[in-house]
Structures are given as structure tokens and as C-alpha cells.
There are 2 protein chains.
Amino acid sequence: MAELETVPQPAPAARNRGGGRQSRQAQRGGGRAQPIIAGIDRQIPTYELLGEEGLARIEAAIDTILKEVGIDFRGDARALELWRDAGADVQGERVRFEPGLVRGIITRTAPKQFTHHARNPARSVEIGRTHLVFSPAYGSPFVHDLEKGRRYGAIEDFRNFVKLAYMSPWLHHSGGTVCEPVDLPVNKRHLDMVYSHIKFSDKPFMGGVTAEERAEDSIELARIAFGTDFVDKNCVIMGNINANSPLVYDGTMSRALRAYARANQCAVVVPFILGGAMGPVTNAGAIAQSMAEAMVGVALTQLERPGAPAILGNFLSSTSLKSGSPTFGTPEPALGSLVVGQLTRRLGVPLRCSGAFTASKAADAQAMQESAVSMLAAIQCGAHFILHSAGWLEGGLVMSYEKFVMDADFCAAMHTYLRGLPVDDNALALDAFREVGPGKHFFGCAHTLKNYETAFWDSAIADNNSFEQWRDAGEKTATQRAHEKCRAMLRAYEAPPIDVAIDEALQDFIARKKAAVGDMWH
Amino acid sequence: MAELETVPQPAPAARNRGGGRQSRQAQRGGGRAQPIIAGIDRQIPTYELLGEEGLARIEAAIDTILKEVGIDFRGDARALELWRDAGADVQGERVRFEPGLVRGIITRTAPKQFTHHARNPARSVEIGRTHLVFSPAYGSPFVHDLEKGRRYGAIEDFRNFVKLAYMSPWLHHSGGTVCEPVDLPVNKRHLDMVYSHIKFSDKPFMGGVTAEERAEDSIELARIAFGTDFVDKNCVIMGNINANSPLVYDGTMSRALRAYARANQCAVVVPFILGGAMGPVTNAGAIAQSMAEAMVGVALTQLERPGAPAILGNFLSSTSLKSGSPTFGTPEPALGSLVVGQLTRRLGVPLRCSGAFTASKAADAQAMQESAVSMLAAIQCGAHFILHSAGWLEGGLVMSYEKFVMDADFCAAMHTYLRGLPVDDNALALDAFREVGPGKHFFGCAHTLKNYETAFWDSAIADNNSFEQWRDAGEKTATQRAHEKCRAMLRAYEAPPIDVAIDEALQDFIARKKAAVGDMWH
């Protein structure tokens, strides 16, 4: 694992220097089990859906929404003060913005690219420009697997999904609330979640956002793991911040956003717009709203701390005419993502999109069709951070073990897709045609022998065997194969090494925090 | 059905004038049951993967393959003669082409767009430029449904798939060998297949290609249905012609190709390249080969009859490293389609791609994920005629009833996708934001009420209900729902009207043909 020695290491906090040689050896040993792919460098162009005129019209609509209608910041006096100081028109909790104000704040100081550090430096990822990071699904109260069925998520499930993400080379990130550990108190579970990310994985991760102090606890845990000075200068944790669409930030969210920015950590700012409910039913209007809300959130990170890393997020969905239910993986949000990508590139900040979306209740044909549509749109639109890349089921209510494994396999396919299509002499293979000629086969030719092993992506889940082989192996569906692979992965899991002193310091902080207050269950 | 009166009708052959008022009324009644969508006019740009340099390098490789290696025409003296007359270098059965020769033949006379006429003129489709047509899967010896399992295809299955394609508004075409009717003799089944397309559907269709005389029988049946003069001047039938990759046309195929061209009917020229077997394992080389083979086939149609309609086809696949089996719906052919689209646009002829590809043995998560990847590539690359849009399973060995219905539903989604993202005042919805404002919902606002019913695509197969609703409805997977829908469609099927005299003439021709020869079973 030469990478571990050559990549700059975060300076360990003074109190955490306990590990020494033993821990470094353990780190090498743990790392050796998994190939390390720290993000992807995309080599394909983005898919440009709209021309200049369409983009300019949507940008004008964003300006109109921000100037005429404005955005409410509710229960966050400091945010209003920051906006007033920045030159916005603040009336009560309503903030209105002259055209160019929000865009100017963003483009002046928001980083176009930054490093999101992992506990294992070889797993640190770049966010922005040509880089792309896959992160697991986020926020489901339920989990599902073929054996035990659908049930509330528990901390045991949470740890399992952290382990699975750690073991998949195709997920570069440990995620945040990979499922809600409903068996833990609402006001304490963020501690167990962040601890699990640090303990059971060494990939980058996200922290709590459901209250300002939970955000600050999460960042404090990161400081213990990475060192206080290092955290002040580098991004080591993200917080996923939802606008309360339409056109509102509630104080819980804006204060958590400011907590992350204040600590120089990354707020991922994401409006959540179900067309017809929290936004209009037409795509262009929903996009304008989503951009307006997200831009204001990203700008607020810069008012709180200029230069703080931030990601502009996008979460559009469509609605079923039959039932009024949200739908996912449909054509409209796929097109919407392409346009959000175009608009965000003109702004210059990193973009978050969502990956494997579906409304299906089962990890079935509907689920993977919808997820493929959604994920391809995120890839093609130029997203830099793809949340919900694995596991998402039932409109986000469920984290599915089997779908997690199938989605991670699709992320593997996307690694190949993002490498594009080389057109060099080896790829053109003219000597192969000269060698083989009409009517012969290419099995044994020099070009095939030279390139065969790396030529094609090979799925870990798909069955490409003959019908007879498949039948004799038990006629398993992809979902059943994923179930088996998932169980095998969890059985084979080995924890990455962690400095014992750091581990103790984390546990000590958590114990003190938990002891200080009673349990909240709602 | 005003469309039927206003669209120009093919001139009925003199002997087939029997129908009269009764048949016209029946035609109106039959047409009324189904909305008619005759192709799609795409309103989204294509996805441009490579820049000028990469495209020019592949074009140079095509020229090199054609000049240095050449292509064999085996067992077709007339094809060799046509090539010699056109200025190619013919040595034995090997034909070599100076750079520019093949391209020049194509661009001089091959139509950029043509009408593929249907028996019901309202269902005639345009092929080329911005138009796009979905056609069912083609050529599988087996069929599968959840009830009866996997078995050899029979003429009853063939008729069922013609009926299903007729009933789906999202398939514009009846296809060709929608499955092999293995219960009929090899040398006679083309007659029953073409008759089934004409009798049980009124959409455009494809004919036999497995021997020159079967191609000619197919065209003769079309002449009975459409009138001899009409057929000489218009495209009413297509033949799907495979190159025998690498770099060979066998006489059966090239003579069938010439039979279609001679009759001014459309040859769809398609190399079938499994990387590592019939072509190199690298994408750029496989694309160059595919284009070289297809271009020579399209050029031959123009030598046979300048101005004959033709489609340039593409069928790239990847290979599993584990088993050597072909794989489908993987990243490499998806990228390959994008580049084939770019190259074919520079040539100016209509492009065929393949839609719902998969290697899965079940109509499961693998099947629909792979199909979505494959279909989206065909859409994004600018294909004009998408064969295998519905039903394809198990690498083409199986036509699946359930997958047919799920794929047709995905074709519906693609109709919405291809309409793109309007950016007009209604779409931008600024008045809705002014009306609703921060923190309110859009359910009842004027813009929602005005746009709701047409705002979002609504799947006929996806379940977007709550978990509880889904559970109470029997916890059905998408495949099970598709099974039920498929059966309901077949129960509800009503044949489109057909002129009784034409029907009799078709049956008479078929009976005479069948009586003239014995049965061949291989």
C-alpha cells in the first residue's frame, strides 16, 4: 500500500499519537483487502440539453424569483443579519435579492474544487471540476432484505451499510444517515452514526444536521479523529442541508448549514421539490426554484465563512397523476438534472445529484430500471457528488440490502462509462484486422490477447451464462444473487485499523455527551 | 378517425377493390380503440461523445479497413459485378475500396429520410432526420412467460406479439421475426409471419431474409396488400440484413439485400459484432469495423437500385471475461452507440440501433437495468429506427411476454424524454411563484390546475403507491404486474379491419406457395 505513505497525512491531534508502528501495520493490513478507488476523473463530456437561449431564460427566472418573491429565513436572526450586511432586502424574515447579488457572493469565494479528506488519506476524494464521487443512499427510516423483510432501521443496520460501503470499491464515500437507527434516541443517534462511520470505515463521511448542536457534535468528533488544526483548514465532514421548499430555510437547517461553514466544513445544500407540491408541475419552473433556493444556501455558507467548501444540490421529482405519489427515475427529473448541470457549471460550484432513485417497493425490475435512468442522468449532467448512489428503495423510505449491492455494481459500470471511448492506435486495432481478415475470428489474435483482460466491464451481479447454466444454478434472479453477495460481504468484513487513542477519545466524548442529557424519542 | 380520410392512401391493387363501405366502417371502428402515435419527432439534441479528432481517426480507420483488408462477398456473382462496375478492386470474392468510394455511393443517392408506409396510412412512419421509430425484438427461437415458462416459439406466440405490438401506442412498428414460429417449416414460415403482420396489425412491418426467394415472397405479399405500383414507388416492407462479421457478406444475405433494394424496399444493414469473436475487443476498432461493413451493405443497395431506401445498422456487444459469453446493456456498447450515431450523422443516412438489450434469463432487475442503459444510448445517439425495443431477453434467445410489456412502457417514458424540456412562459411558471410564495404548497394554484394532467409521464407498470397499498394489493413485482397487463391486453385484442378481398388474395398466394414445395425443417 505505497499510496498510504506517499499521500500527505492529516496531522494527528496531539493527544491521539498513541498508534505508532503497530497501528500503521494494522492500517496497511486492513487497507490491503480492498482496492482503493478514491473518486473518478471523468473523461466524457456532459450532455448539453439546452442551448444558450433556454439557459438564459431560466437564469432570468431565478433572478425574478429571488427579487420579486424572495426566500424566508425562519428562526435564524443571524442569517438575516448576514443577508442584511450583504446588501439583501430583509423585511421581517423575508429576504429579497437584487439580480446578481447571490451569484456574485458565490463566485467570489466558493471553491470550485476541494479535497474531502478521509481518515485513510488514500481514500480522500476531490469534489468539483472533472471529479465524481459516489455516496450511499441517505435518510431512510426503514430497511429491507429478502430474509427479514421490511422493518425499522437499527444501529446494527446502520453499521452494516457502513461496512458494505467500506467494502465496495465503487463507492468512494461512507455517506451520512445511511439509514435511521430508530432504536437510538433522536437526540443522541448522530453520535453513534458519526462514530460508526469513523470506526467501521475509513472513507469520507457526513455528519448530523437535525439540530445545530448535533452538527457541532459531529464536527467535534471529526476534530478528535483528524485533529483540530487540520479540521479548521481542511474539509473532513459534510452536512446535508435541505431547503424547506418552496422558498424557505427553517432555522434548524440554516443554523446547521452555518455550523458546517463556520468550521470550514462542507454544506451540501439541497432543495427537495416534488412537482405540484413544493414546486410547480413544469420542469423549467421547478429547476429555476431549485437553483434559486440552492444558490441562496450556498451563498449563506460564504457569508458565514468566505471560502468554506459547499456543494449545490438538486433533487427534482415528478408526481403520479393517478395517485399524487412522488415518482422517481422518470424522464422529467432526468432531463431536469441535465439542465441543472448546465446551470451549475455556469456558476462554477460543485454539484450534487441523486443516483439510484426509485419508487418501487421491491428491489425488482422497476427499481433497477428507474435507478438506471436516474443514475445515468446524474452521470451525464456532470454531477460531482452523487448521493443516494446505492440502496435507495421506496422513494427513500427504505434502505435495501439487495439493492445496495446491485446499485454498487451499477456504480462499477459507471466507472467504465466515465472513462469514455479511447481512440488511439491500440483501440483502433488496425493490425488485428490485418492479422485476422474476413471470415475469421478474433479469439486468439495478438490484439485480443493483449487487451482481453481489461477490455470489458464485468458485472459482479449480472448472470451472463447460458440458460442451462443459470437453470442448474437455481434460476436465481439478480435480487437473489445480490442477497447472497451481500451476506458474503458482511461475513468477510474486516474493520479498517484505527488508532486506539483516537477510538478511546471518540468513545469518551460520546459517553460524556450522552450522559449530559435525557433521551428524546421524537 | 379523421386522420384516415386526410392521409393519402396507397392505391389499392385493382384486384383488391372488394372492401367498400363496410370495410371502411370496420377500419374506423378498429382504429378507434387505439390512439395512433406514428413515430416520434425528437426535440432533444444528440449526446456528442467524441470531438472532431476522434471521429476523423475512426473514419480514417474505416477507410484503411476497406482499402487494405476489404470485404468478401461470397456466393453472389452479381454483387461482385456491381462492385467491379462501381470501380472497386475485386479479386476473387474479395472486394477492396479506395477511400471515398463507398461514402460517395451512399451520399449520392441514399435517401436521408423516407416514409415507411403502413397498411393503415395513419400509422405510416417517417424514417430519418429527427424521426424515431420503436420496433419489437427480432429473431428469438424461444419465448417465455411467467405461466408457461420457457419454450420454443410457435406461430401462436408470433401472432400474440404482433397483437401486443399493435395494441401498444408506444411501438410504432410491428417488427419482423418477433419470435421464430418453430412449429412451422423453415421454408414456409416467412409466409405466415408476413401474413400475421398484415392480418393482425396495421402497423409497418418487416419481411423474410433467410433466402432470396423468401424475401421476394414477402415483397409479393406486400404488393398484394398495398398494390404493385404503390410498392414500386414507396417503402412498405423492410428486410433486416446481417453482415457475416468480420468483413463478409454471404450470398444469402447479400441477395436478400438486393431483392429488397431492387423492389425499392428498405434493407436494414446490420453487422453483429461480439467483441473478441467477430471483431476486436476495443470499442473504437469494433466501431470502425461495424461502420465499414454496414456502409458497404448500404452502398450495395444503391448499386442495385439508386435511391432505394436503406438504414445503416449497429449491433455492438461486449463479452464477459469470466465466461466468454456476450453481455448486453453494459457501458462499452452504450458508448459505442453514441459514436456510431455521430459517424452516421456525418454520412447522412438513417441509423438503426438496438433498444432493450439484456443477457438476463429472467425479466428481472438485471434485465431492466441493462435494457434501460441500452435503450437510453439508442435514444441519445440519435437512432432513427430502434429494433429490439420490446421483449428481448437472454441475449436474444428468448422473447418474453412480461418484458415486452415492461419495455413498451419504457418506450412510453422515452416519448416524454424525447420531447425535451420546454422553456416558455408557462413552463417557467413565474406567476405560480407569485401566487404561492414561500412555505405554501402548489396543489391548488392556477398553474398546477392548468398543467397537472399533462405534466408528468405516468407509467402503466410502475407501482408508485405506498408500501401499505402495495402490500394489500399482493406485493407484486413489476414482472408480475406486467404479466397481468399482458394477459389483459391479449384478452382485449380486436383485429384491425382488413379488406376481405385482400385477405383472400394473401391466403391464396400463401396456399399456392406452400403447395409448390415440400417442408424444410432445418
Side-chain angles (χ1 to χ4, degrees), chain A residues 47 54 57 61 64-65 69 72 247-248 276-277 280-285 318-321 323 325 327 330-332 335 359 361-362 364-366 368-369 372-373 413 416-417 421 423 427-430 432-433 438-439 441-442 447-448 451-452 455-458 462 464-465 467 470 477-479, chain B residues 47 54 57 61 64-65 69 72 247-248 276-277 280-285 318-321 323 325 327 330-332 335 359 361-362 364-366 368-369 372-373 413 416-417 421 423 427-430 432-433 438-439 441-442 447-448 451-452 455-458 462 464-465 467 470 477-479:
Chain A
Y47 187 9
R57 290 207 71 190
T64 302
I65 293 167
V69 185
D72 280 3
L247 305 173
V248 173
V281 290
T282 48
N283 229 334
S318 49
T319 309
S320 166
L321 182 60
S323 61
S325 316
T327 55
T330 51
E332 294 88 354
L335 295 168
K361 267 60 66 185
D364 64 352
Q366 176 187 345
M368 293 314 288
Q369 177 199 292
V373 170
T416 296
Y417 191 84
L421 197 143
V423 191
L428 287 167
L430 288 175
F433 295 110
H441 64 69
F442 286 70
H447 180 267
T448 299
N451 289 280
Y452 191 68
F456 297 117
W457 173 67
D458 217 352
N464 299 308
N465 291 331
F467 170 75
W470 174 77
T477 63
T479 314
Chain B
Y47 187 10
R57 290 207 72 190
T64 302
I65 293 167
V69 185
D72 280 4
L247 305 173
V248 174
V281 290
T282 49
N283 229 333
S318 49
T319 308
S320 166
L321 181 62
S323 62
S325 316
T327 55
T330 51
E332 294 87 355
L335 295 167
K361 267 59 69 185
D364 65 352
Q366 176 187 347
M368 293 314 288
Q369 177 200 290
V373 171
T416 296
Y417 192 85
L421 197 143
V423 191
L428 288 168
L430 288 175
F433 295 110
H441 65 71
F442 287 70
H447 180 266
T448 299
N451 289 281
Y452 191 66
F456 298 117
W457 173 66
D458 217 351
N464 299 308
N465 290 333
F467 169 75
W470 174 77
T477 63
T479 314

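Every chain is numbered from 1 and lettered A, B, ... according to where its sequence line falls, protein lines coming before strand lines. Quick note: numbers below take in every heavy atom, side chains included, and nothing from hydrogens, waters or symmetry partners.
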Chain B contact via A:Thr448 - which portion, at a heavy-atom distance below 4.5 Å
both
Per-residue contact mode, A:Leu430 against chain B (heavy atom under 4.5 angstrom):
side chain
Greatest number of non-hydrogen atom pairs under 4.5 angstrom with chain B, of A:Thr319, A:Val248, A:Thr477, falls to A:Thr319
Of the listed residues (A:His441, A:His447, A:Met368, A:Gln366), which shares the most heavy-atom pairs with chain B below a 4.5 Å separation?
A:Gln366
Between A:Tyr47 and B:Tyr47, what is the ring plane arrangement, given parallel below 30°, perpendicular above 60°, and tilted in between?
parallel
Below 4.5 Å from any heavy atom of chain A, which atoms of B:Thr64 appear? Answer side chain, backbone, both or neither.
side chain
Is it the backbone or the side chain of B:Trp470 that comes under 4.5 Å from a heavy atom of chain A, or both, or neither?
side chain
Between [options], which has the largest tally of heavy atom pairs under 4.5 Å with chain A?
options                                : value
B:Ser320, B:Ala61, B:Gly54             : B:Ser320
B:Ser318, B:Ala362, B:Ala429           : B:Ser318
B:Ala365, B:Ala413, B:Ala372, B:Ala478 : B:Ala365
B:Ser325, B:Ala359, B:Ala432, B:Gly276 : B:Gly276

For the residue pair [X] and [Y], establish whether any side-chain heavy-atom pair is separated by less than 4.5 Å.
X        : Y        : result
B:Thr330 : B:Val373 : no
B:Thr327 : A:Trp457 : no
B:Asp72  : B:Leu247 : no

Between the main-chain N or O of A:Asn465 and the side-chain N or O of B:Ser323, is there a donor-acceptor pair closer than 3.5 Å?
no
So, using side chain to side chain contact (heavy atoms under 4.5 Å, CB included) as the criterion, who are the partners of B:Ala455 when residues are at least two apart?
A:Val281
Residues passing the side chain to side chain donor-acceptor pair (under 3.5 Å) test with B:Thr479, sequence neighbours excluded, are none
